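Structure first, then comments.
A quick note: this is a predicted structure, and the numbers were derived from the prediction, not measured. Just so we're on the same page: letters track the sequence lines, and every chain starts at 1.
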2 protein chains.
Amino acid sequence: MTRTVFEKADVVPLLAEVFREFGYEGATLNRITERTGLGKGSLYHFFPGGKEEMAATILAEVDDWFVRNVYAPLESGEPRAAIARMWKEVDAYFRSGRRICLVGAFALDATRDKFAAAIRVYFARWVAALASALRRAGVAPDKAAAEAEAAVLGIQGALVLARALNDEKVFTRALTRLARDLSLPKRSPSSRSTKKGTL
Amino acid sequence: MTRTVFEKADVVPLLAEVFREFGYEGATLNRITERTGLGKGSLYHFFPGGKEEMAATILAEVDDWFVRNVYAPLESGEPRAAIARMWKEVDAYFRSGRRICLVGAFALDATRDKFAAAIRVYFARWVAALASALRRAGVAPDKAAAEAEAAVLGIQGALVLARALNDEKVFTRALTRLARDLSLPKRSPSSRSTKKGTL
DNA sequence: GCTGGTACATACCAATCGGTACAGGCGCGC
DNA sequence: GCGCGCCTGTACCGATTGGTATGTACCAGC
């Protein structure tokens, strides 16, 4: 009857959490099987390429999530709403600092060299998308680029510090500061201001 | 002939680089021996507690370095000079973004739980020391605390992003921005009471 | 010259690593 | 029904893990 139809898609989130928690080297097959409930047979059925394919799949899935929920809106949506949404999504995605950024963690150790392209693209696109939104909101191009970089890097730093101090309020505070520090011009004439709650 | 009298102190920096590069789990005894040139015999002679003692020693050594070169000056030296020195030391220590922060890296994965106290103290004292300097330079206490947190977290984020994009200019730029964003009051003999320390 | 602590290499250990082989169990088309 | 093919558990592989035991070269004090 209700077969536990396990699809690759169901495993990926579980898998992601293991890599997030232990890092690439620390995510042993043992821990993976016990956390996903899948034996090696299933694991290697879904991911013939082994650990590396698992990590690559997760990286792609994470990237895809950010493209859909963050980058794409920033690139083509109404800029202020998109930026507001970004802060909201980021806070939710990282569980207010209780969860870390897999891509950022991979970037720090030798794992980076294995997934260099994916890691670079993830961050480059984030910065570029945010800069695009800022420009379209009226910020000068060079200023937009600098502020986008500062915001993205601030999020990563906030994750590090929040985990180091084991205090999620650090993350929440940082997000508030980062949002405030974006120099979005006042939106005077238009009456679009009462549309969506902008953080 | 050339006797190499190796002391523990000589090994620690080599050791630190291995942990920095591969993370705690990734730093295998094999890699450690080949990078330090010391066999397991020597390693376990210096560090009877094994890998964990090696990492703990490194953590303590890093902390000590920061206390001497950054925190102590911030806490008791002339605040502006101390802050200026901090930026200089940080840029040099992290090799303009080519080197990562061991403590920050440990904070991200499950390694944190092994060294929770050391990691927390490292960052807590950094933030506290910087906040102290800011206050003594005339910044309001709550503002000083917020800005200190933002600066420290910004450094960590800059390290992540610089490595992710493999572009050390990201780090240098970030440091410049972070230094600029500290709202140090103007220091002319007759101080202009500008609230924002713009550059 | 003996002795004892220090510094180091080597061989070895059980456990675990990532990965493979294989024998089914199971649901679905027939 | 039946068989085929997608899942999945298990046994197993060689290599490597962190760690230990043993042996030895070296120097200092006596």
Table please: side-chain donor-acceptor pairs of residues 122-133 of chain B below 3.5 Å, with sequence neighbours left out.
unit_1: R125(B); atom_1: NE; unit_2: E75(B); atom_2: OE2; d: 3.2
unit_1: R125(B); atom_1: NH2; unit_2: E75(B); atom_2: OE1; d: 3.1

- Query: In chain order, what residues pass the side-chain hydrogen bond (donor to acceptor under 3.5 Å, both in side chains) check against N69(B), with sequence neighbours excluded?
  - Reply: none

- Message: Check E149(A) with R173(B), please: is the shortest side-chain N to carboxylate O separation under 4.0 Å?
- Response: yes

- Query: Which residues, if any, of residues 108-118 of chain A bring a heavy atom under 4.0 Å of DNA chain C?
  - Reply: none

- Message: Test of understanding: with side chain to side chain contact (heavy atoms under 4.5 Å, CB included), list the residues that count as partners of T176(B), not counting sequence neighbours.
- Response: none

Pick out the pairs of N or O atoms, protein on one side and nucleotides 18-21 of chain D on the other, that lie under 3.5 Å.
unit_1: dG18(D); atom_1: OP1; unit_2: K51(B); atom_2: NZ; d: 3.0
unit_1: dG18(D); atom_1: OP2; unit_2: L29(B); atom_2: N; d: 2.5
unit_1: dG19(D); atom_1: OP2; unit_2: Y44(B); atom_2: OH; d: 2.6
unit_1: dG19(D); atom_1: OP2; unit_2: K51(B); atom_2: N; d: 3.1
unit_1: dG19(D); atom_1: O5'; unit_2: Y44(B); atom_2: OH; d: 3.2
unit_1: dG19(D); atom_1: N7; unit_2: K40(B); atom_2: NZ; d: 3.2
unit_1: dG19(D); atom_1: O6; unit_2: K40(B); atom_2: NZ; d: 2.1

- Distance test, side-chain N/O of H45(A) to OP1/OP2 of dT8(D), below 4.0 Å: no

- Please identify each residue that fulfils side-chain hydrogen bond (donor to acceptor under 3.5 Å, both in side chains) with N30(A), with sequence neighbours left out. none

- Query: What is the distance from CG of L43(A) to P of dT8(D), rounded to the nearest Å?
  - Reply: 10 Å

- Nearest-Å distance, CZ (F22(A)) to P (dC17(C))? 11 Å

- Qualifying residues under side chain to side chain contact (heavy atoms under 4.5 Å, CB included), relative to A144(A), sequence neighbours excluded: L134(A), R135(A), V139(A)

Side-chain donor/acceptor pairs under 3.5 Å, residues 49-61 of chain B, sequence neighbours excluded:
unit_1: K51(B); atom_1: NZ; unit_2: Y24(B); atom_2: O; d: 2.8
unit_1: K51(B); atom_1: NZ; unit_2: A27(B); atom_2: O; d: 3.1
unit_1: E53(B); atom_1: OE1; unit_2: G49(B); atom_2: N; d: 2.5
unit_1: T57(B); atom_1: OG1; unit_2: E53(B); atom_2: O; d: 2.7

- Query: Taking CD from E34(B) and C1' from dA9(C), how many angstroms apart are they, rounded to a whole number?
  - Reply: 16 Å

- Of the candidates dT8(D), dA9(C), dA7(C), the side chain of F46(A) sits closest to dT8(D)

- Task: Using side chain to side chain contact (heavy atoms under 4.5 Å, CB included) as the criterion, list what pairs up with R180(A), not counting sequence neighbours.
- Result: R177(A)

